[in-house]
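For reference, the structure discussed in these notes is given below.
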Amino acid sequence: AVVSTQSTGGDFIDIFSILTTLFGVCTSLGLGTMQLNKGLNYLNEDIEVNTNNQVIIIWAITAIATTSVVTGIGVGIRRLSEICFSLGMVIMLMVLFLEDTWYLLNLFCQSIGFYFQWIMQLGFHCDAF
C-alpha cells in the first residue's frame, strides 16, 4: 500500500515529521543550554545556574543561528563553521601544550596502535555468546 503525499496519510506523515524535528531541536537546545550554563558557572562562580541565565543563553544561540541562516550558506553558515573550527583548534592546542604534552602524544600513538591491533576482532564482535 503506497501512501500518497497528497492524501490524509501524507499530511499525517508531514505533521509527524515536523513535530518530531521540533521536539528534537528543542530538547537539544534545552540540554545544551543547561550544560553551557553549568560550564560557565564552573568557570566563573558569579554566573549563577538559574532560569534567567538559561533564557539569555537560548536567546543568544537563537540570534546567532538566525543570523547564520538568514545570511545564507556562502556567508553565515560558512563563517560560523570557520569560527567553530578555529575555536576547536585553539582548545585542542591549549590542552596539548598546557598539559603533559609528552604523555598526550604517547597516549595518542598507543591508542592508534591499539586500534589497528584489534580492529578486525572488535569490528566483527557481536557479543552473541
Side-chain angles (χ1 to χ4, degrees):
V2 176
V3 178
S4 172
T5 57
Q6 304 299 322
S7 66
T8 306
D11 290 341
F12 174 75
I13 292 172
D14 289 343
I15 291 169
F16 182 73
S17 299
I18 290 169
L19 287 176
T20 54
T21 302
L22 175 73
F23 290 138
V25 169
C26 290
T27 301
S28 298
L29 181 61
L31 292 173
T33 298
M34 291 188 303
Q35 185 174 3
L36 187 57
N37 191 198
K38 184 64 179 167
L40 290 172
N41 174 261
Y42 181 78
L43 293 174
N44 184 359
E45 293 181 4
D46 293 337
I47 300 174
E48 298 178 8
V49 178
N50 60 26
T51 307
N52 291 334
N53 287 338
Q54 291 172 359
V55 168
I56 292 169
I57 292 170
I58 289 173
W59 275 107
I61 291 172
T62 303
I64 292 169
T66 302
T67 303
S68 177
V69 169
V70 168
T71 54
I73 293 176
V75 178
I77 296 175
R78 178 177 173 217
R79 295 290 181 240
L80 189 60
S81 66
E82 289 171 352
I83 290 169
C84 288
F85 178 78
S86 300
L87 186 61
M89 291 299 292
V90 167
I91 292 171
M92 183 186 72
L93 291 173
M94 282 177 56
V95 167
L96 179 65
F97 292 119
L98 295 178
E99 289 292 325
D100 187 8
T101 305
W102 185 253
Y103 171 75
L104 291 174
L105 291 175
N106 188 27
L107 180 67
F108 178 74
C109 290
Q110 285 185 356
S111 297
I112 295 294
F114 181 83
Y115 175 78
F116 284 121
Q117 179 181 358
W118 295 98
I119 189 169
M120 292 301 289
Q121 182 176 349
L122 293 175
F124 289 103
H125 181 71
C126 60
D127 206 17
F129 302 105

| message | If hydrophobic clusters are built from ILVMFWY residues whose side chains come within less than 4.5 Å, do V70 and L80 share one? | response | no

| Connected via hydrophobic side-chain network under 4.5 Å: W102 and I112 | no

| task | Please name the pair of heavy atoms, one in L96 and one in T101, separated by the smallest distance, quoted to 0.1 Å. | result | O-OG1, 2.7 Å

| task | Can you sort out the partners of E48 under side-chain contact (heavy atoms from CB on, under 4.5 Å), two or more places apart, ordered by chain and number? | result | N50, N53

| Should M92 and V90 be counted in the same cluster of Ile, Leu, Val, Met, Phe, Trp and Tyr side chains packed under 4.5 Å apart? | no

Sequence neighbours excluded and cut-off under 3.5 Å, please list the side-chain donor-acceptor pairs for residues 16-25, or say none.
residue : atom : partner : partner atom : Å
S17     : OG   : I13     : O            : 2.8
T20     : OG1  : F16     : O            : 3.0
T20     : OG1  : S17     : O            : 3.0
T21     : OG1  : S17     : O            : 2.8

| said: One pair to check against side-chain contact (heavy atoms from CB on, under 4.5 Å): T62 and I58. What are the steps and the verdict? | reply: CA-CA 6 Å; T62 303; I58 289 173; 4.0 Å; yes

| request: Give a yes or no answer on whether the side chain of S81 reaches the backbone of R78 with a donor-acceptor pair at less than 3.5 Å. | output: yes

| Same hydrophobic cluster for L87 and I61, using side-chain heavy-atom links shorter than 4.5 Å among ILVMFWY? | no

| message | Donor-acceptor pair, distance only, cut-off 3.5 Å: does the side chain of T67 make one with the backbone of A63? | response | yes

Please tabulate, for side-chain N and O atoms in residues 117-129, each donor-acceptor pair with protein atoms closer than 3.5 Å (sequence neighbours left out).
none

| Taking all non-hydrogen atoms of both residues, which atom of L104 and which atom of V95 are closest, and how far apart? | CD1-O, 3.6 Å

| task | For T71 and R79, run side-chain contact (heavy atoms from CB on, under 4.5 Å): C-alpha distance rounded to whole Å, both residues' side-chain angles, the deciding distance at 0.1 Å, then the answer. | result | CA-CA 10 Å; T71 54; R79 295 290 181 240; over 6 Å; no

| Derivation and outcome, side-chain contact (heavy atoms from CB on, under 4.5 Å), residues V55 and T33 | CA-CA 8 Å; V55 168; T33 298; over 6 Å; no

| query | How long is the gap from CG on N52 to CD1 on I57, to the nearest 0.5 Å? | reply | 11.0 Å

| query | Going by heavy atoms in the side chains, are V49 and Q54 under 4.5 Å from each other? | reply | yes

| message | Nearest 0.5 Å, please: how far is CD1 in I77 from SG in C84? | response | 11.5 Å

| Checking side-chain contact (heavy atoms from CB on, under 4.5 Å) for the pair M34/L31: CA distance, chi angles, key distance, verdict? | CA-CA 5 Å; M34 291 188 303; L31 292 173; 3.5 Å; yes

| request: Determine, using the 4.5 Å side-chain heavy-atom cutoff (strictly less than), whether L43 and I91 are members of one ILVMFWY cluster. | output: no

| note | Output for pair (L40 CG, I56 CD1), nearest 0.5 Å, gives 11.0 Å

| task | Evaluate the side-chain proximity of D46 to N41: yes if any heavy-atom separation is below 4.5 Å, no if none is. | result | no

